[in-house]
Peer 1: 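I have a structure here, written as structure tokens, and I will follow up with some questions on it.
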There are 2 protein chains.
Amino acid sequence: MNTPPLDDEAPKTSRTGETDRKGEGERRGRKASKEQRRQQLIEATIDSLARRGYSETTMADVADGAGLSRGIVNFHFESKEKLLVATLQYMADEYAAHWRSALARAGEDPADRLWALVAADFDRFVCNKRKLAAWCAFWGEAKSRPTYQALCGARDQAYQQVFVDLCDALEREAGYGFEPGAMALALSATLEGLWLRLMLGTENVTRETSFQAAAELLASVFPRHFVRDGAGVRRRAGKGHEMTERTER
Amino acid sequence: MNTPPLDDEAPKTSRTGETDRKGEGERRGRKASKEQRRQQLIEATIDSLARRGYSETTMADVADGAGLSRGIVNFHFESKEKLLVATLQYMADEYAAHWRSALARAGEDPADRLWALVAADFDRFVCNKRKLAAWCAFWGEAKSRPTYQALCGARDQAYQQVFVDLCDALEREAGYGFEPGAMALALSATLEGLWLRLMLGTENVTRETSFQAAAELLASVFPRHFVRDGAGVRRRAGKGHEMTERTER
DNA sequence: CAGCGTTTGTTGAACATTCATTCAGTACGG
DNA sequence: CCGTACTGAATGAATGTTCAACAAACGCTG
């Protein structure tokens, strides 16, 4: 009951990129710098969270996963608590950087930006079983730990505000009649809910079907900006730049 | 960091209804039946999950919360694992009974039924911090425990199918053009996502604003069936029975 | 109905295990 | 040869489980 088949679609290595994770260990000496070691341990923590869940993640498991000795974590991080907070912080930073980057690449048009934001959420880099499982592990503990609670809004104040602003802009462009704040809440909640569904992994929900569901919703809520086209949804031509990005099936 | 203000809006007592939970203990003798004791312990487990989170929920805490002695849980349930499974099962049954009942009360018209389903999700009985926190605690562990995974689809196969059927019916009535399966996934994910947001409890998200957001979404996706009316959303008149239920502000 | 043994729910202390943390020692780099 | 990164065994605290003792209900008999 300990290792269900999990990481079927996760990108294997982290950006640190060493492949010595499971290595024999002969060269695991004084090579890595302090910061590298910290990242290595954080990656091992995410692995453990994904594989065994929060309550069964132990210091020993993290150390083993990193191919290092038991006491190592208390050397680089002060305690288990601090390790977990650092891990969550790492994931939150990574997530925020990811959507900000997608937004920056999207240009100025609100519809393009909204689409980019949604698409970014289903990018393999952030949307894979490993990271989703880790997120969910923290969610489960967030209510009783203020420190987690603050960071678990990776979809935080700023993220939410972007959604509100975009909904507001689109509403004013086309006069949809909805209340921007409420709609923004509904849309961002949908993305989170789809992540959750994906994580629980029951049924036949995949990254593709989830993305398609989100796109379908955009087409219904913003019919003047997005249009159904065969099996996919795409940006409607006419307004801003013509972008023909589309759902992938 | 142990007892943040949590149960601000939760309905206090369970259906078992005894108030002897925190009683002095002089009459806590052989009064309760076996089944009553089990329920009492399950309620105490939900309390503990909500208050301290999954990883910090201990047998001692559950026993204390029920006002009983340490060894009691292992007598009524065989182990901690079995207690938690029973608790999850209890919540899943309760949730399923709740939406089925709401559906039964809603009549035949698909739009009324969909509205009832959504409204049921934000009913105080199931949607309060205590139960939401407990759900979320299980979600966090579900990935690594097949037993939890199966039950965590309280929103399970059957629930999802109801959504698909309703989306399909409404689509055929009005020719919205969306794919029912995808839309059903998006909508049910939205509800779950709103629960999650509510649970994390950041920002100013309340049960009312969440419900309003969901209603706003319904009005956008099914404009021929629901209409915005002042500050709320209501069932559009004309088709089935005229129901003027609306969001509460 | 009293007396009495049996069953059943309950207690709390003892036990075993798991795990985070500590720290004295080791080895590599500069 | 000094300092820093690292090791791994020892330690102690926390916690799930067991169990022998206990007491309340129940049933039986006289």
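Letters go in sequence order (proteins before strands), and every chain restarts at 1. Worth saying up front: this structure is predicted, and the values here are computed from it rather than measured. Only this structure's heavy atoms are used, side chains among them; waters, hydrogens and symmetry mates stay out.
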Peer 1: Before accepting this row, confirm whether a basic side-chain N of the pair B/K131/B/E94 lies closer than 4.0 Å to the acidic partner's carboxylate O.
Peer 2: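 Result for this pair is yes, salt bridge flagged.
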Peer 1: Look at the rings of B/Y95 and B/W135 and say which category their plane angle falls in: under 30° parallel, 30 to 60° tilted, over 60° perpendicular.
Peer 2: perpendicular
Peer 1: Return the value, rounded to whole Å, for the distance between atom CZ of A/F77 and atom C1' of C/dT21.
Peer 2: 16 Å
Peer 1: In whole angstrom, what separates A/E78's CD from C/dT22's P?
Peer 2: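 Interatomic distance, CD of A/E78 to P of C/dT22: 8 Å.
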Peer 1: Report the nucleotide, chosen from C/dA20, D/dG16, D/dT17, that has the shortest atom-to-atom distance to any side-chain atom of B/N74.
Peer 2: D/dT17
Peer 1: Using whole Å, report how far CD1 of B/I72 lies from C1' of C/dT11.
Peer 2: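 For the pair B/I72 CD1 and C/dT11 C1', the rounded distance is 8 Å.
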Peer 1: From the options C/dT11, D/dG16, D/dA5, select the nucleotide whose nearest atom is closest to the side chain of B/T58.
Peer 2: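 Within the option list, the nearest is D/dG16.
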Peer 1: Return the nearest nucleotide to the side chain of A/S79; candidates are C/dG12, C/dT21, D/dT7.
Peer 2: C/dT21
Peer 1: Whole Å only: how far is the CZ atom of B/R70 from the P atom of D/dC22?
Peer 2: 21 Å
Peer 1: In whole angstrom, give the distance that lies between atom CD of A/E35 and atom C1' of D/dA5.
Peer 2: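 Going from CD in A/E35 over to C1' in D/dA5 covers 15 Å.
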Peer 1: We want to know whether B/N74 and B/E78 form a side-chain donor-acceptor pair, criterion being a heavy-atom distance below 3.5 angstrom.
Peer 2: no
Peer 1: Do the ring planes of A/F125 and A/H98 sit parallel (below 30°), tilted (30 to 60°) or perpendicular (above 60°)?
Peer 2: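 Judged by the thresholds at 30° and 60°, the geometry between A/F125 and A/H98 is tilted.
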Peer 1: Within this structure, what is the NZ-to-P distance between A/K34 and D/dG3, rounded to whole angstrom?
Peer 2: 15 Å
Peer 1: Nearest whole angstrom, please: distance from the P of D/dA14 to the NZ of A/K80.
Peer 2: 15 Å
Peer 1: What is the distance, to the nearest angstrom, from the CG atom on A/L83 to the P atom on C/dC19?
Peer 2: 16 Å
Peer 1: If you pin B/G71 and A/H76 to their nearest nucleotides in DNA chain D, which one's is more 5'?
Peer 2: A/H76
Peer 1: Any idea which of D/dG8, C/dT11, C/dC19 is nearest the B/S69 side chain?
Peer 2: C/dT11
